[in-house]
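Shown next, in structure tokens, is the structure this report addresses.
Proteins come first, then strands; the chains are lettered A, B, ... in the order of their sequence lines, and each starts at number 1.
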Amino acid sequence: VPPDGSGRQRILGVRMTDKPIDEKRRNFLWGMATGLGAAGAAGAAIPFVKAMMPAADVLAASTTEFDVSTVVPGQLVVIAWQGKPVFVVHRTKGMLERLKGHDHELKDPESRADPRVQADWMKTTEQRLTRAIKPEYLVLQANCTHLGCIPLFKPTPGQADWGSSVPPDWPGGWHCPCHGSLYDLAGRVFDGSPAPFNLYTVPYKYLSETKILIG
Amino acid sequence: MIERMLNSPLAQWLDERSKVVQMIRAHLLEYPTPKNLNYMWAFGSLALTVLILQVLTGILLAMFYKPSAMATLGGYTQAFDSVERIMRDVNYGWLLRYMHAVGASAFFFVIYMHFARGLYYGSYKKPRELLWLIGVLILLIMQGTAFFGYLLPWGQMSYWGATVITNLFGAIPVIGDFLLQLLRGGFGVGDPTVNRFFSLHYLFPMLLIGIVVIHIHALHVVHSNNPEGIDIPEESTIPFHPYFTVKDGFGVGVFLIIYSYFVFYNPTAWGLFLETDNFSPADSFQTPAHIAPVWYLTPWYTILRSFPDKLMGVVAMGLSLVLLFFIPWLDRSKVRSARYRPVYRQMVLLFFASVVVLGYCGHNPPTVVLKLVGRIATAVYFSFFLFLPLVSRFEKPKPLPREI
């Protein structure tokens with residue numbers, strides 16, 4: 001019998017009722033049945049989606065310990081944290097000195113533009129300048145905030161070592177080879193760079209005098 | 001509701017360009033279905049349901065599984081370790097793996113019931129021979145898929161099962177060695193084997209989906225058989241929707257309850273679905289004390305070992321499957337349903353019993369008694385095909401009903 005109830009009146013030998021179809025009741029049942037079925041399917045989809053999120057062993061590898069005293073003065077070391085590169089620079093007195101005097105050329109000299117460029121410990125003006133818990137040890141995410149390339153470390157001032165890839169008044173810092181973004185030795189981005197923000201901070205703390213825990 | 005959706009401007013726009021609405025109407029809503037189908041007819045849509053579950057869980061598992069027999073620091077292999085990682089570290093990985101493993105057994109159970117339905121009610125007879133041929137092809141592809149998949153966890157049973165089965169092909173004269181190396185990609189089952197088996201385990205289900213579509217198309221050309229096995233007029237049919245969407249839906253509900261019991265409470269099914277020995281990592285220097293395939297392949301395994309000659313065993317096993325293709329032509333009776341064929345009915349029930357007994361024998365160690373039982377069951381299995389062309393000569397069918 002078609003759903004509208006016309007036509008034959010016997011199904012499987014059972015005499016069908018002559019009463020007209022109660023459309024309201026039928027729609028209610030249809031809604032309940034399909035609604036419950038849809039809810040069940042949605043519930044069953046949860047494990048499938050959650051399975052694609054980071055697994056327990058991935059989460060367990062989410063912190064990295066590192067001894068910053070292994071980095072000699074002036075050196076950059078790239079270490080892995082959650083599979084991503086992290087810059088650790090041991091800045092000399094001279095390098096820290098060269099952070100000053102070019103605030104007017106920076107997009108965000110005090111690192112306030114985005115939560116990702118800040119940190120809880122970043123309170124004083126000095127800390128906002130050096131962007132480090134201990135000024136000599138800078139720890140930052142190694143990816144350009146533009147599209148994620150790893151910038152090249154060009155720590156010496158001027159064009160002597162770097163040619164025209166950096167401006168003549170270069171105070172030292174990073175130069176991204178992908179799209180030319182420039183950062184100073186605190187990872188602060190220069191005006192005119194395609195990168196929107198300073199290099200992102202990573203959550204870290206000192207476990208001892210020289211040992212840090214990232215993550 | 002459905003009418004409103006199918007009449008919506010979007011559906012109409014699609015229909016004018018693809019006839020999709022017409023297809024939905026013809027194959028899902030209005031498809032004329034015999035009004036007297038019993039629950040044995042639910043296994044077709046159940047098989048489709050399990051296939052979808054297997055594909056979905058399989059895609060997810062493939063995101064975490066590593067097809068490599070390379071040794072790891074823990075002393076096992078990447079493949080074995082990645083399965084353990086799925087069980088322990090991946091979110092809901094245990095659920096995905098158990099759904100997939102239980103699903104494999106569920107798939108075979110459903111398909112075997114589907115086959116039994118076809119044999120009992122004569123669904124393979126004219127005009128449904130092609131439908132039957134495609135069905136047997138689907139079974140063979142499924143068995144291949146299951147065999148390839150069982151190697152992947154790289155446990156003891158995976159390893160030795162694959163060793164034994166690939167050696168079967170090595171028993172074939174002349175091309176045996178060639179086939180053996182082609183399958184293994186080395187001189188024994190090893191890293192190249194698990195790598196290519198993973199590729200094939202992903203390929204075969206794709207073939208399966210395509211062939212299932214052809215199977216359903218072929219069905220919708222000749223329409224469903226029915227328990228009485230007679231040709232029926234249009235008036236004896238009812239539309240697929242809502243009558244059989246609801247009935248099949250109820251069948252899916254019952255199936256999912258049983259499926260969930262196994263997935264959540266008994267995923268190894270007493271060692272039937274996931275064999276106990278397979279929780280030990282593969283060791284090429286040590287064969288497990290008792291080695292048998294998973295339950296759904298044991299009937300054919302018993303036929304293999306019932307012959308005292310290596311080549312004969314392999315040939316018999318191949319023949320036991322190939323003969324299924326010929327059933328529509330071996331059976332010469334015009335009457336379809338076993339309800340009206342007293343002799344065939346006894347024969348086909350005996351055939352089902354022989355498959356169950358063969359399965360039991362293959363699952364257990366080949367003791368003196370079970371060897372004998374297995375041989376008798378093998379004889380019964382083959383005699384079914386032998387008597388099939390003869391039975392119609394003397395069998396007097398009961399009078400057929402004129403309508404259902």
Checklist entry - Under 6.0 Å from the CZ atom of F28(A), do we count more than 12 heavy atoms belonging to anything else shown? => result no
Next on the checklist: Please find the pair of heavy atoms, one from W30(A) and one from H241(B), that lie closest to each other, and give the distance.
Outcome noted: CZ3-CE1, 4.4 Å
Next on the checklist: Using a 4.5 angstrom heavy-atom cutoff, name the option from E3(B), M63(B), R88(B) with the most pairs to chain A.
Outcome noted: M63(B)
Checklist outcome for this item: Scanning both residues in full, the closest heavy-atom pair of A51(A) with L60(B) reads CB-CD1, 4.0 Å
Checklist entry - So which part of L56(B) gets closer than 4.5 Å to some heavy atom of chain A, the side chain, the backbone, both or neither? => result both
Checklist entry - Would one find more than 12 heavy atoms of other residues, nucleotides or ligands at under 6.0 Å from atom CG of D120(A)? => result no
Checklist entry - Going through the checks in order, is the side chain to side chain contact (heavy atoms under 4.5 Å, CB included) test met by M52(A) and Y92(B)? => result CA-CA 9 Å; M52(A) 291 169 73; Y92(B) 292 101; over 6 Å; no
Next on the checklist: To the closest 0.5 Å, what do you measure between CG (L59(A)) and CG (N91(B))?
Outcome noted: 7.5 Å
Checklist entry - Does M23(B) CE have over 12 foreign heavy atoms under 6.0 Å away? => result no
Checklist entry - Taking everything shown except Y31(B) itself, do over 12 heavy atoms lie less than 6.0 Å from its OH? => result yes
Item to check | Atom NZ of K211(A) with >12 non-hydrogen neighbours under 6.0 angstrom | outcome: no
